[in-house]
Amino acid sequence: MKRMIIFCLCLSVLSGCSGKGKSTSTPAATQVPPTSTLIPTAPASPSPTRAPSPTLPQAAIFERNNRIGRAVNFGNALEAPNEGEWGVTLKEEYFPLIKNAGFTAVRIPVRFSNHAAVEAPYTLDAAFLERVDWAVNNALDQGLVAIVDMHHYVEIFEKPLEHKERFLAIWTQLAEHYQDYSPDVYFELLNEPNGQLTTELWGQFAAEAVGIIRQTNPTRPIIVGPGQWNSAVQLQFFTPPEDANLIITFHYYSPFHFTHQGAEWATGSEAWMGTKWDGSDTLRMIMRQDFFLAADWGKRNNRPIFLGEFGAYSKADMDSRALWTDAVARTAEELGITWAYWEFCSGFGVYDPVANQWREPLLDALIPQK
Ligand code: BGC
């Protein structure tokens with residue numbers, strides 16, 4: 001079934017939102033951002049910058065973040081309602097391909113919420129979990145870091161309090177399940193919290209989830225980001241759980257009219273067709289400012305930063321996509337931010353699964369050939 005994803009595009013300059021939003025169930029009106037920048041606004045009541053806790057051995061988690069390095073997302077596979085329904089079924093051959101191309105990690109988005117009982121104790125479907133294990137093990141066999149990302153838990157965005165217990169129960173099971181796995185398996189608590197799950201409320205849920213995971217996985221890296229679809233602007237309102245082994249994430253799809261032109265799930269995006277990104281000094285400066293926001297927050301809070309998603313949809317012209325992708329990846333790298341491209345072989349795909357070949361301009365942009 002075709003997915004129904006509706007965007008509520010926030011005015012990033014005015015509201016401090018990332019300019020990216022979607023839900024799989026509740027239709028919402030689309031607002032159009034002027035230019036999608038992430039220039040910081042004065043916070044209504046920002047959380048004060050906290051001095052780094054002296055007890056945290058920060059060097060270790062910075063090293064763990066560096067192990068992610070350059071990653072790619074297995075988008076539209078295991079986070080579809082069922083694998084295959086969005087056109088991507090993972091294949092064993094993808095893992096060595098990714099490794100040999102020079103990537104160092106894979107982010108594996110998984111819709112666990114569709115594969116867990118709706119009643120307590122919210123048992124995860126064993127066969128589905130086995131399939132996730134298969135993906136994780138294939139990544140590990142290639143020496144890739146495997147990020148297990150809870151993705152598209154759309155119900156929790158609408159009714160956070162009703163779903164909190166279930167969310168925590170799913171993490172209890174995942175934490176137990178993966179406790180003896182390689183330290184190269186990282187957990188990502190929840191992709192793009194949004195809607196009723198505000199940054200502040202999400203911070204509370206995240207702290208509880210981290211507490212639960214730590215009972216069985218004392219040092220495994222846990223990736224967590226702020227609300228409003230992991231917007232960098234929201235970092236100023238985000239109080240991460242007190243824990244030594246966290247990596248903080250944000251997503252970047254700006255300018256949104258460029259990256260999401262013609263995207264079927266972005267209302268009104270047909271009108272953005274033809275938008276180019278020419279890599280002008282001004283555009284690059286805006287991008288740098290956006291990234292500085294995340295890098296600076298990371299510095300002040302002594303936390304490593306991971307850009308978990310960025311990409312430009314296939315309906316944009318390839319020259320612009322390659323230029324933009326290169327600019328994002330290099331800007332992140334200059335600022336010490338690790339990254340994961342969105343995504344491997346679907347609508348943003350760096351790999352063409354029909355021709356069985358890399359889309360060279362995108363691959364070169366991501367992993368430049370020296
Ligand atoms: C979503 C995808 C979407 C992408 C770009 C991801 O977080 O899970 O469905 O294609 O963002 O909008």
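Whatever order the structure lists ligands and atoms in, that order sets their numbers, starting from 1. Any value given below was found using the heavy atoms of this structure, including those in side chains, with hydrogens, waters and symmetry copies removed.
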State if Tyr313 counts as touching ligand 1 under the rule of any non-hydrogen atom under 4.0 Å.
-> no
Could you list which atoms of ligand 1 come closer than 4.0 Å to a heavy atom of Asn191?
-> 7 (O)
For Glu309, the ligand 1 atoms whose distance to one of its heavy atoms is below 4.0 Å | 6 (C), 7 (O), 11 (O)
Kindly confirm or rule out a cation-pi arrangement of Arg359 over Tyr351, judged by NZ or CZ under 6.0 Å from the six-membered ring centre and within 45° of its axis?
-> no
Using modelled atom types only, decide if a donor and an acceptor are shared between the side chain of Glu79 and the backbone of Ala77 within a distance under 3.5 Å.
-> yes
Have a look at His251, Glu192, His260, Arg111 and point out the one with the heavy atom closest to atom 5 (C) of ligand 1.
-> His260
Given salt bridge (Lys or Arg N to Asp or Glu O under 4.0 Å), test Asp184 with Arg64 step by step and report yes or no.
-> CA-CA 8 Å; Asp184 277 344; Arg64 306 304 292 164; 3.4 Å; yes
If you measure from the Lys or Arg side-chain nitrogens to the Asp or Glu carboxylate oxygens, is any gap between Asp317 and Arg321 under 4.0 Å?
-> no
Should we count CD of Glu165 as having more than 12 external heavy atoms under 6.0 Å?
-> no
Looking only at non-hydrogen atoms, find the nearest pair between Gly262 and Glu270 and report the distance.
-> CA-OE2, 3.9 Å
So for Phe348 against ligand 1, with non-hydrogen atoms under 4.0 Å, the contacting part is side chain
May I ask you to check if ligand 1 and His152 share an N or O to N or O distance below 3.5 Å?
-> yes
Using a 4.0 Å heavy-atom cut-off, say whether His151 meets ligand 1 through its side chain, its backbone, both or neither.
-> side chain
